[in-house]
Protein chains: 2
Amino acid sequence: MEKCKADNLLKITNTVKTEARETILHAVLDSERPMSANELHLMVKNRGIDLATVYRAMKLFTEKGLVRPVHADSGLTFYEKSCEHNPPHAHFICENCGGIECLKPYGFDESAFFIKLGQQKEVSSVELILKGRCSSCAS
Amino acid sequence: MEKCKADNLLKITNTVKTEARETILHAVLDSERPMSANELHLMVKNRGIDLATVYRAMKLFTEKGLVRPVHADSGLTFYEKSCEHNPPHAHFICENCGGIECLKPYGFDESAFFIKLGQQKEVSSVELILKGRCSSCAS
DNA sequence: ACATCTTTGCAAATGATTTGCAAGTATAAA
DNA sequence: TTTATACTTGCAAATCATTTGCAAAGATGT
């Protein structure tokens with residue numbers, strides 16, 4: 001729990017701590033679903049943080065393993081926190097409204113599955129995206 | 001086999017047949033791996049076909065179910081033929097060179113897997129992408 | 001062949017993301 | 001703590017993939 005505070009995460013990942021980064025990381029940690037750079041910017045612009053800084057932070061955090069990018073068909077990239085409390089999982093993207101949701105854990109031994117898939121290659125990450133209609137758009 | 005000829009596919013999908021579309025569809029059918037709009041354009045530009053036309057064809061073919069888009073982290077979209085001979089499968093994208101390859105079929109009952117994943121939602125398609133280093137880049 | 005609807009090339013517009021740059025901020029050494 | 005050096009940031013302009021407006025060319029039904 002404590003270990004997931006923005007402040008601490010920056011420290012343990014050896015990332016230079018700045019007000020902007022701390023603020024942006026907070027925004028990511030507070031979000032239950034993956035957020036686009038634009039959405040994150042909306043959350044932090046009142047503190048004078050530029051969109052370019054959000055993008056630079058996302059790039060950095062991704063390299064540090066603090067966030068994971070999720071790529072939607074629309075061309076948008078969403079970012080979600082990556083920590084013990086939020087292990088890799090599938091995502092659902094609504095083809096109608098573009099909304100994104102995290103799906104529950106797969107419920108079977110997915111690691112074996114991925115290893116099997118990747119046995120021919122040196123796999124570093126997996127992205128599993130389901131597309132369809134979300135409940136709001138279905139009604 | 002015969003059924004997979006561009007000419008025929010356009011007919012059975014009720015798509016107005018034009019020289020450009022036939023040429024572009026041929027390029028897709030001939031490719032073993034998913035191709036970007038740019039790559040396809042390189043293959044057909046000598047026939048005076050514009051990049052915009054390639055994009056328009058990809059959009060149309062996707063709607064008709066003739067091709068499937070595959071979205072890479074880089075922001076590029078690749079397109080692959082979609083027919084009985086080429087059922088949905090996972091893709092491998094090299095983080096180093098950006099190259100894309102099709103992986104062998106999963107080797108277990110993936111439909112049950114996807115149904116299980118999508119049981120909470122109305123799922124229309126699935127995209128499974130593994131990332132890492134391809135054999136050329138690994139050496 | 002005719003009239004109508006569709007498709008295409010070209011150029012300009014978009015929209016997300018990136019980059020150059022000068023000014024502001026962090027870090028380590030003195 | 002002051003200083004020198006390296007990193008970060010806001011801003012504006014640049015990129016890059018993809019889309020769109022438009023007038024000309026092509027396809028379809030009569």
Please lay out, stage by stage, how B:Ile24 and B:Arg21 fare under the test side-chain contact (heavy atoms from CB on, under 4.5 Å).
CA-CA 5 Å; B:Ile24 295 169; B:Arg21 287 179 184 167; 5.8 Å; no

Inter-axis angle, terminal five-pair segments of the helix from C:dA1-D:dT30 to C:dA30-D:dT1 [nearest 10°]
40°

For a quick check of understanding: with a heavy-atom distance under 4.0 Å over all strands, which category does A:Ser36 fall into, base, sugar-phosphate or nothing?
nothing

By the 4.0 Å heavy-atom rule, please label A:Ala52 as base, sugar-phosphate, or nothing.
base

Could you state the NZ-P distance from A:Lys11 to C:dT27, rounded to the nearest angstrom?
11 Å

Distance below 4.0 Å between A:Thr18 side-chain N/O and D:dC7 OP1 or OP2
no

Using whole Å, what does the distance between atom C1' of nucleotide D:dT18 and atom CZ of B:Phe61 come to?
17 Å

Do NZ/NE/NH1/NH2 and the carboxylate oxygens of A:Glu22 and A:Arg47 come within less than 4.0 Å?
no

Going hydrophobic residue to hydrophobic residue with side-chain gaps under 4.5 angstrom, can you get from B:Leu25 over to B:Ile12?
yes

Whole-Å distance between D:dC16 P and A:Leu76 CG?
20 Å

Send over the distance from A:Phe78 CZ to C:dT17 P, rounded to a whole Å.
9 Å

Consider the side chain of A:Ala37, meaning its heavy atoms from C-beta on, and name the nucleotide among C:dT27, C:dT8, C:dT17 that approaches it most closely.
C:dT17

Side chain of A:Ile49 only, heavy atoms from C-beta on: which candidate in C:dA26, C:dG9, D:dG10 is closest?
D:dG10

Of all residues at least two apart in sequence or in a different chain, which pass the side chain to side chain contact (heavy atoms under 4.5 Å, CB included) check with B:Leu76?
B:Ser36, B:Ser74, B:Phe78

Taking atom C1' of C:dT8 as reference, at what distance in whole Å does atom NZ of B:Lys59 sit?
16 Å

Determine, for A:Lys131 against B:Glu127, whether the closest basic-nitrogen to carboxylate-oxygen distance falls under 4.0 angstrom.
yes

To the nearest angstrom, the CD-C1' distance between A:Glu19 and D:dT9 comes to 12 Å

Please check if the number of heavy atoms outside A:Glu63 that lie under 6.0 Å from its CD is greater than 12.
yes

What's the closest nucleotide to the side chain of A:Asp50 if the choices are C:dA26, D:dC11, C:dT8?
D:dC11

Which is true for B:Arg56 with a 4.0 Å heavy-atom rule: it touches a base, it touches only sugar-phosphate, or it touches nothing?
base

Minimum-distance nucleotide to B:Tyr55 side chain [options: D:dG10, C:dG9, D:dT18]
D:dT18

Heavy-atom nearest pair, A:Leu66 first then A:Thr13, reads CD2-CG2, 3.6 Å

